[in-house]
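Just so you know, these numbers use all the heavy atoms, side chains as well, and skip hydrogens, waters and symmetry mates. In listed order, ligands and their atoms are each counted from 1.
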Amino acid sequence: MTNTEDRDGAKAPSEEEIEAGRLLFRKPWGFVTSVARLDQLPEEGLVEVAFAGRSNVGKSSLINALTGVKGLARTSNTPGRTQMLNYFGAPEAPLALVDMPGYGYAQAPKALVEAWTDLVYTYLQGRARLRRVFVLIDSRHGLKANDLEVLSLLDRAAVSYQLVLTKADKIKPGQLQRVMQDTAKAIAKRPAAYPEIIATSSEKGEGLAHLRAEIHKLTLM
Ligand code: GTP
Ligand code: MG
């Protein structure tokens, strides 16, 4: 392993890219708005990146860890905590971060599931300035059937997405390596998938500098 490679062998960002990412996320990130219905979506303007994934996978925790702002996005042990699209921004930052409601939350009432499924799906398919969706996968569990459904939706809608493994602190490095490889194999033929997978721990900070650099690059596109 050289210093330009992560342990999966994917090309790591350069020092300059890491620094640009660090500066972007050093800004004072704050809450912008919550969107419960499509007509509440902000006018298209800034680049957007969204964080999607099963309930409890660690979406809100990752946003807090990236921005270094504790409690910015509400986290919880109760799956289904985030029920709306929550927008976060920072002064002079050229992008918004969008925290999405989790999917696959079995206990949610049916009407609620339908309402947010509709919101999320319409958002994902129709947002012109949505540059990438980070689809978070719990590194202990790997890809599940409902993850694959979402990936298929993104493929059909031609929305670029990248997989991020979460809670890397909860498994052994060898296991993480295996999940990385299995996941990479599973997405190899998916048209809208970005091939590189990033392993993260919001708890321990692993992978965050890399992800910040990746997000910064999206603001240049
Ligand atoms: P919903 O909004 O319900 O869809 O959940 P979410 O995906 O936003 O998950 P959230 O960030 O609320 O985290 C769920 C639980 O996982 C919380 O108890 C977090 O503390 C825990 N968690 C999140 N990230 C990590 C991590 O990197 N490591 C560890 N050990 N725990 C984590
Ligand atoms: Mg959440």
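- For Arg178, there are no salt bridge (charged side-chain N to carboxylate O under 4.0 Å, His left out) partners, not counting sequence neighbours.
- Only the side chain of Lys170 comes within contact range of ligand 1, with a heavy atom under 4.0 Å; no backbone atom does.
- The closest non-hydrogen atom to atom 32 (C) of ligand 1, taken over Lys167, Lys204, Glu206, comes from Lys167.
- Across all non-hydrogen atoms, the minimal contact from Ile187 to Pro195 is CD1-O, 4.1 Å.
- For ligand 1, the atoms lying closer than 4.0 Å to a non-hydrogen atom of Gly102 are 4 (O).
- Any N or O atom pair closer than 3.5 Å counts here, and Arg74 shares no such pair with ligand 1.
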Checklist entry - How far apart are the C-alpha atoms of Lys59 and Leu62, what are their side-chain angles, what is the distance that settles it, and do they pass the side chain to side chain contact (heavy atoms under 4.5 Å, CB included) test? => result CA-CA 5 Å; Lys59 299 171 293 294; Leu62 187 61; 5.9 Å; no
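- Proximity of Tyr123 to Leu85: side-chain heavy atoms (C-beta onward) are separated by under 4.5 Å at one or more points.
- Residues Val32 and Pro42 fail the side-chain proximity criterion, which asks for heavy atoms closer than 4.5 Å.
- Residue Thr75 places no N or O, backbone or side chain, under 3.5 Å from any N or O of ligand 1.
- Set against the non-hydrogen atoms of Ser201, the atoms of ligand 1 under 4.0 Å away are 27 (O).
- Residue contacts with ligand 1: Gly53 is excluded, as none of its non-hydrogen atoms falls under 4.0 Å.
- Every N/O-N/O distance between Thr200 and ligand 1 stays at or above 3.5 Å.
- The shortest heavy-atom distance from Thr166 to ligand 1 is not under 4.0 Å.
- Of all atoms in ligand 1, numbered sequentially from 1 with element shown, those under 4.0 Å from a heavy atom of Ser61 are 10 (P), 11 (O), 13 (O), 19 (C), 23 (C), 24 (N).
- Residue Met100: no N/O/S atom is found under 2.8 Å from the Mg ion (ligand 2).
- Other residues, nucleotides and ligands contribute over 12 non-hydrogen atoms within 6.0 Å of the CD atom of Gln175.
- At least one N/O-N/O distance between Gly58 and ligand 1 falls below 3.5 Å.
- Distances between N or O atoms of Val57 and those of ligand 1 include at least one value under 3.5 Å.
- When all heavy atoms of Asp99 and Ser60 are compared, the pair lying nearest together is OD2-OG, 2.6 Å.
- Every N/O-N/O distance between Asp99 and ligand 1 stays at or above 3.5 Å.
- Residue Arg26 qualifies as open at atom CZ: its count of foreign heavy atoms under 6.0 Å is 12 or below.
- When Asp169, Ile63, Leu208, Leu62 are ranked by how near their heavy atoms come to atom 26 (C) of ligand 1, first place goes to Asp169.
- Nearest residue to atom 7 (O) of ligand 1 from Lys59, Arg140, Glu203, Arg54 is Lys59 (criterion: closest heavy atom).
- Closest approach of Phe88 to Ile63, counting heavy atoms only: CD1-CG2, 4.1 Å.
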Checklist entry - Between Val150 and Asp147, does a side chain to side chain contact (heavy atoms under 4.5 Å, CB included) hold up when you go through it step by step? => result CA-CA 5 Å; Val150 170; Asp147 295 317; 5.9 Å; no
